[in-house]
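Here's the structure we're looking at; comments come further down.
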Amino acid sequence: KRTIRKGEKLNIIFASMAFDDNSDKAKFMLGLAVKLKKAGHNVTICANLNGKIAHTAKHLGVFLNPIQTPPNFALGDGKWKIKTPQGEFLTQPNVLYKIKNEKFDIVHLFDNEIVEHFSKLYFDSTLINTRFTNNLFLSQEDNPLAKKTIEMENSEEYLNGMNVDEIIREYIEAI
């Protein structure tokens, strides 16, 4: 179990199937990411990135990664090589390869469909699942691969009134 010191920055990934202009979920994720950034934490959104909202997120200092190439990974194409302790190998097309060992404290998931995939990629990180109280986006069942499920309401009013310290407490409790 890891000890988090007061004032320590958390390294957080928000993962979702989509992050686009027409999605209330994307607007909620961006709002929460901005609040966490203002509190001094590093936030990366990993999703299918579409529209102006991705540009806005980048402008606000939120890191972005396409879901096909999550942070620390690169997609093989059969042309570039990877060095391993066993030697240098040509990558296989459409296979993810870990290329960095950057540690993420929290992988906060916003879609059930990706929980298993991200649990394999970030097995040494704490997975948090989201249950929106208005029944949007995730099932009402807790996912056993997630360490904790956080209940939120997907609305602008809820987000505006949210105390980011409460979310950070939930994260630290799970770590």
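For clarity, every value in this text was computed on a predicted model and none was experimentally measured.
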Check against ring pair (Phe, Tyr, Trp, His ring centres under 6.0 Å), Phe110 and Phe14: CA-CA 7 Å; Phe110 287 84; Phe14 284 178; 5.2 Å; yes

Residue of the set Thr149, Leu145, Leu127 for which side chain to side chain contact (heavy atoms under 4.5 Å, CB included) holds with Leu109: Leu127

Would you compute the distance between atom [atom1] of [X] and atom [atom2] of [Y] and round it to the nearest 0.5 angstrom?
X: Leu121; Y: Phe73; atom1: CG; atom2: CZ; answer: 4.5 Å
X: Asn129; Y: Asn112; atom1: CG; atom2: CG; answer: 5.0 Å
X: Ser16; Y: His108; atom1: OG; atom2: NE2; answer: 10.5 Å
X: Thr126; Y: Ile106; atom1: OG1; atom2: CD1; answer: 5.0 Å
X: Asn154; Y: Phe132; atom1: CG; atom2: CZ; answer: 4.5 Å
X: Lys148; Y: Glu170; atom1: NZ; atom2: CD; answer: 4.5 Å

Taking all heavy atoms of [X] and all of [Y], pick out the closest pair and write down the distance.
X: Cys46; Y: Ile67; result: SG-CA, 3.7 Å
X: Ala54; Y: Leu64; result: O-CD1, 3.1 Å
X: Asp105; Y: Leu10; result: OD2-CA, 3.3 Å
X: Ile128; Y: Ala146; result: C-CB, 4.5 Å
X: Asn48; Y: Gln68; result: OD1-NE2, 3.0 Å
X: Val62; Y: Ala33; result: CG2-CB, 4.0 Å

With a cut-off of 6.0 Å (strictly less than), are more than 12 heavy atoms of other residues, nucleotides or ligands near [atom1] of [X]?
X: Lys98; atom1: NZ; answer: yes
X: Met162; atom1: CE; answer: yes
X: Glu156; atom1: CD; answer: no

Is the shortest side-chain heavy-atom distance between [X] and [Y] below 4.5 Å?
X: Leu75; Y: Asn94; answer: yes
X: Lys103; Y: Asn11; answer: no
X: Phe104; Y: Ile12; answer: no
X: Ile167; Y: Met152; answer: yes
X: Leu90; Y: Trp80; answer: no
X: Leu32; Y: Leu159; answer: yes

Lys37 charged N/C atom sitting above Phe63 aromatic ring, 6.0 Å / 45°: yes

Arg169/Glu173 salt bridge by N-O under 4.0 Å criterion: no

ILVMFWY cluster, Ile99 and Leu96 together (side-chain gap under 4.5 Å):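 Different clusters: Ile99 never reaches Leu96 through Ile, Leu, Val, Met, Phe, Trp or Tyr contacts under 4.5 Å.
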
Single-linkage hydrophobic cluster Tyr97~Phe118, side-chain heavy atoms < 4.5 angstrom: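 No, it is not one cluster - the side chains of Tyr97 and Phe118 are not joined through contacts under 4.5 Å.
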
Which residues share a side-chain hydrogen bond (donor to acceptor under 3.5 Å, both in side chains) with Tyr122, sequence neighbours left out: none

Tyr158 and Phe28 aromatic ring geometry - parallel, tilted or perpendicular at 30°/60° bounds: parallel

Qualifying salt bridge (Lys or Arg N to Asp or Glu O under 4.0 Å) pairs with a residue from residues 59-81, counting only residues at least two apart or across chains: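 Sorted pair list: Lys81-Glu88.
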
Full working for side-chain hydrogen bond (donor to acceptor under 3.5 Å, both in side chains) between Tyr171 and His41: CA-CA 12 Å; Tyr171 287 165; His41 303 283; over 6 Å; no

Thr44 and Asn65: side chain donor to acceptor below 3.5 Å: no

Side chain Asp20, main chain Gly51, donor-acceptor under 3.5 Å: no

Under 3.5 Å donor-acceptor, Thr56 side chain and Lys52 backbone: yes

From CA spacing to verdict: salt bridge (charged side-chain N to carboxylate O under 4.0 Å, His left out), Asp21, Lys27: CA-CA 8 Å; Asp21 296 339; Lys27 293 171 189 167; over 6 Å; no

